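Remember, it's 1-based here, ligands and their atoms both numbered in the order they're listed. Predicted model, so just to flag it, every value in this text is computed and none were measured.
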Amino acid sequence: MPDRDTHKRSLVKGFTWRFLGTLDTTLISWAVTGNPLKAISIGGIEVFTKVILYYFHERVWQNIRWGKGVLRTVIYPEERLKNIHPVFDRILSREDREAYLDQRSKVIWLTGLSGSGKTTIAQILEKKLFEAGVFCQVLDGDNIRSGINNNLGFSAEDRQENIRRIAEVAKLYLNSGVVTICSFISPLRQMRNTARNIIGAEDFVEVFVDTPLAVCEERDVKGLYQKARKGEIEEFTGVSAPYEAPENPALVLHTASQTPEASARELFEFILPSVKPVDDE
Ligand code: ADP
């Protein structure tokens, strides 16, 4: 709990308080006895007993809530309350959350070869949306493969399971009102169909980051193509495993002829009207 003092703080407070207290006791003892030596020895003994007493006194009071007043945890800005009708006796709906955040949630699903530009675009897009007042979250290999999916490899089965879990996580974010940007190769149509079915076709925005294999290989951001060509990586998408281009994506980004900024801007302008409608009514 943030309002609790640490043990160290209680101890240091004990020392500062004792210094003042002992000075006071010593001066009073001196005034009463007229003997400075007696006064110093009274103060000297007291300093040890009182420091220990103070520490325990503080720790006991830490456990007593009485007299602390009411803890206020949530303050709803009036402006946002205008559009929602919070009913605290039921679970908040997605609509309640969207109204609170003043946005509509979507899952933006970036698919494309390794090195096509998904991560780069996702990061620039996240920043742009955030600056436009849209609350969003990127899901990518970094936060998914190293966490919830750290028990999955790259076999066909594991890849399918990888996408299924990502889609389930994205759906949770979606239902929390968050605009979720997913950046995964997701090479097979069947995988993306699984994701679409879990998320719901209405909210699944498929974006094809369309970059020719030769360009991705030339970029070879992580040196993976070189390894795949040498046979050091098995079933590498585009080299030794298939990539099936989307048949009907919501948007296609041609990154070979664009700067990362231009690609991200194109996607930003495409998505903004559906996540931040100008007029909700
Ligand atoms: P992926 O996540 O698809 O594997 P990355 O985003 O990690 O790809 O790498 C893409 C590389 O391509 C980056 O070095 C990026 O600077 C470069 N690049 C060049 N043009 C673009 C573009 N228009 N959009 C995105 N990335 C681009």
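- Residues Glu58 and Arg9 are not paired through a salt bridge, judged by the lack of any N-O separation under 4.0 Å between the basic side chain and the carboxylate.
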Evaluate the criterion side-chain contact (heavy atoms from CB on, under 4.5 Å) for residue pair Asp203 and Ser105; output intermediate values, then yes/no. CA-CA 8 Å; Asp203 298 312; Ser105 53; 6.0 Å; no
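- For ligand 1, the protein residues within 4.0 angstrom (heavy atoms only) are Leu113, Ser114, Gly115, Ser116, Gly117, Lys118, Thr119, Thr120, Ile121, Arg219, Val221, Thr255, Gln258, Thr259, Pro260, Ser263.
- Between Glu235 and Arg159 there is no salt bridge, since none of the side-chain N atoms of the basic residue sits less than 4.0 Å from a carboxylate O of the acidic one.
- For Glu244, the CD atom sits in a packed shell: over 12 heavy atoms of surrounding residues, nucleotides or ligands are nearer than 6.0 Å.
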Which is it for Asn150 and Arg145 under the side-chain contact (heavy atoms from CB on, under 4.5 Å) test, yes or no, and what are the steps along the way? CA-CA 5 Å; Asn150 68 3; Arg145 278 259 180 209; over 6 Å; no
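- Qualifying side-chain contact (heavy atoms from CB on, under 4.5 Å) partners for Asn175, counting only residues two or more places apart in sequence or in other chains: Arg94, Lys171.
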